[in-house]
Amino acid sequence: MRGVGAALAERLRRLGVEQVQDLLFVLPQRYEDRTRIAAIGSLVPGTRASVEGEVQLTEVAFRGRRQLLSRISDGSGFLTLRFFHFSAAQQSGLARGTRLRCFGEVRRGPFGPEIIHPEYRRVLGSDALEETLTPVYPATEGLTQGRLRALIGQALDPLETAGDRQGSGIVDWVPPELLSTLELPALGEALRYVHRPPRSAHLDELARGRHPAQRRLAFEELLAHHLCLKLLKRSVQSDEAWPLGDPASLAARLLESLPFALTAAQRRAFREVHTDLRQNRPMVRLLQGDVGCGKTVVAAAAVALAVGSGCQAALMAPTELLAEQHWRSLCDWFQPLGIPVARISGSVPARTRRSALATIASGEVPIAVGTHALFQEGISFDRLALIIVDEQHRFGVQQRLKLQEKGLREGRFPHQLIMTATPIPRTLAMTAYADLDISVIDELPPGRTPVQTVVMPEQRRQQVVQRILGACRSGAQAYWVCPLIDESEELRYQAVEETAAALAEALPDVRVGLVHGRQPPAEKERAMAAFKSGKTQLLVATTVIEVGVDVPNATLMVIENAEHLGLAQLHQLRGRVGRGSDVSTCVLLYRAPLSALARERLKAIRETADGFEIARRDLTLRGPGELLGTRQTGLAQLRVADLMRDADLLPRVQAAADRMLESHPERIGPLAARWIGTGERYGRVG
Ligand code: ADP
Ligand code: MG
């Protein structure tokens, strides 16, 4: 392509773009209406707008931190542009008298309306306005929106001229007879629409992902995934695995030695796992159960079956902290039985790590615990028969395939057990996890006191702060969660840091910690570890604390801006408290006015603690794309589709998949390659 050199090609590769055609499948995350210019005097804070004006003054100021301020005017009013990161060239490009067109979110600033880090360009002479809505693509470092739009535009042009038939370079792999029954547009038409929606398009419908063009793409993506998973299942069923009969009866001994009895649901799940593991076909099973239901001990019993059969097992967690937590649990349970457990960690000295790796490679140590990342690196086993993957939303089919191949030995594949606390309704599970058998733990261990959930307006913040003081004085710990709701990356993290500082000031006797996604991993781990050990009493955090962390002493959680979060996410967060025997409370702070939908959601989360019930309500309450984290459902990494939102497409996806397997197997490979990438294994089965 014109103007694409090696460096740019590399950046594009990070977006999954290898060929020109792939550019068409980099899809907008949202749209902006830049087809009209607003008068500066009429700007409303909190909305996004494009304006045009002349620079009056540009200066570098120090207000807490160094920043560039540029004031523009169009005769109807003044607007301040504020930059925290800027170059000398940028500064001189904003000289007095320059005409600019800017776009961004208008905020109330100290000198009237302002836009922080606007998108802008100089206008020379008469500059036509945009004719179509402006797509906003997923960000990748070193690739601006402007550049990406231009490249995708280049890829689109042949489509515009050639239409759907010839020379467009894009083949519709969905068989025509299926398409006609779907009442959805052809592929080329759908792509043109999503990249260049006309100005008459409904931004609202697009934001909700309900436009037929988007539905068409979602359908195709779901179809591609579903087909891959079905083929994967077929292929796994023809592989061989070690049958784990556990002649040493290690699992029984482990369960007897526990200080508690398994719940009925845990026993059932373990029985299902046990039945699978005795076969000489690999198990690929999902263990689904709400936070705190006790998945780990079921996993440990599965590990015991492997070890009792003279084989090895690996347990992987998404973070170092969780890996350590699991390692401790497994040590507690296995060491009394004389079985060592190795921890593969990035945070232990290199020598310790090397010797751990050596004992695993030789088979001397039968159990290894570590992060997903560590297992991708140079680890080898003597006889790995079972892989357990914990709480990894982003652990897709691709990653599973890789791992499975890693354990391959003497023609035998390891069994896999995947644990997730994301409850999803059965119909979705059948598509999202078409390659997995599913076990469900739908019961909590006895003796838990349910978390009390209260919903409060933001104005009562002071009262909540006092409550934290009370909790900490009595020796308990608390979380304060700040979801990242600002558009600008810069402001988001600033908000969390400011909240932490303000709380530290308001609560001088409380030791306050901070954890957010932008800290280096080591710092994040330190902050989490300090909270876990009780060194800090109040942990201010973004939603990064969502996954699996177990601090039974934490009995209070405050979630700010709760109205912005989806039900599933609220539920996951709340699951961090109520892990000990004391009564726990979750305070949901919201900013009025609440939309009807947000009100319903907060009501639902207050009324029920059952993850599956929450998932069902989530499905019925699903509204406009205002939710954060709606894409986190399930294991699939989807680009356009959203399992919840597009749930109504699923029966048709399943029917279409059966049809293609039967009548058009040759179309499956290219369809899968388009949406999922060229997994070698799909080639083998497709
Ligand atoms: P999750 O399913 O969220 O991963 P965990 O496995 O971390 O839950 O278990 C949560 C806590 O419950 C742990 O402290 C665990 O030891 C405890 N636990 C698990 N099963 C039982 C049981 N049957 N009876 C009592 N406590 C249990
Ligand atoms: Mg867990």
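In each ligand, atom 1 is the first atom listed, and ligand 1 is the first ligand listed.
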Atoms of ligand 1, numbered as shown, that sit under 4.0 Å from any heavy atom of Ala261: 22 (C), 23 (N), 24 (N)
Non-hydrogen atom of Arg579 closer than 4.0 Å to ligand 1: yes
Proximal atoms of ligand 1 relative to Thr296 (non-hydrogen, under 4.0 Å): 4 (O), 5 (P), 6 (O), 7 (O)
Qualifying ring pair (Phe, Tyr, Trp, His ring centres under 6.0 Å) pairs with a residue from residues 292-328, counting only residues at least two apart or across chains: none
Residue-ligand contact Gly289/ligand 1, heavy atom below 4.0 Å: no
Ligand 1 contacted by Ala299 (non-hydrogen, < 4.0 Å): no
Within residues 284-319 or reaching into it, pairs that qualify as ring pair (Phe, Tyr, Trp, His ring centres under 6.0 Å) - sequence neighbours excluded: none
Part of Met419 with heavy atoms under 4.0 Å of ligand 1, whether side chain, backbone, both or neither: neither
Per-atom contacts of ligand 1 with Gly294, taking only distances under 4.0 Å to non-hydrogen atoms: 1 (P), 2 (O), 5 (P), 6 (O), 8 (O), 9 (O), 19 (C)
Salt-bridge contact Glu560-Arg461 (side-chain N to carboxylate O under 4.0 Å): yes
Asp442 bridged to Arg268 by N-O distance under 4.0 Å: yes
Gln537 backbone acceptor or donor facing Gln477 side chain under 3.5 Å: no
Pair Glu272 + Arg285: basic N to acidic O under 4.0 Å: yes
Ligand 1 atoms in contact with Thr263 (distance to a heavy atom under 4.0 Å): 23 (N)
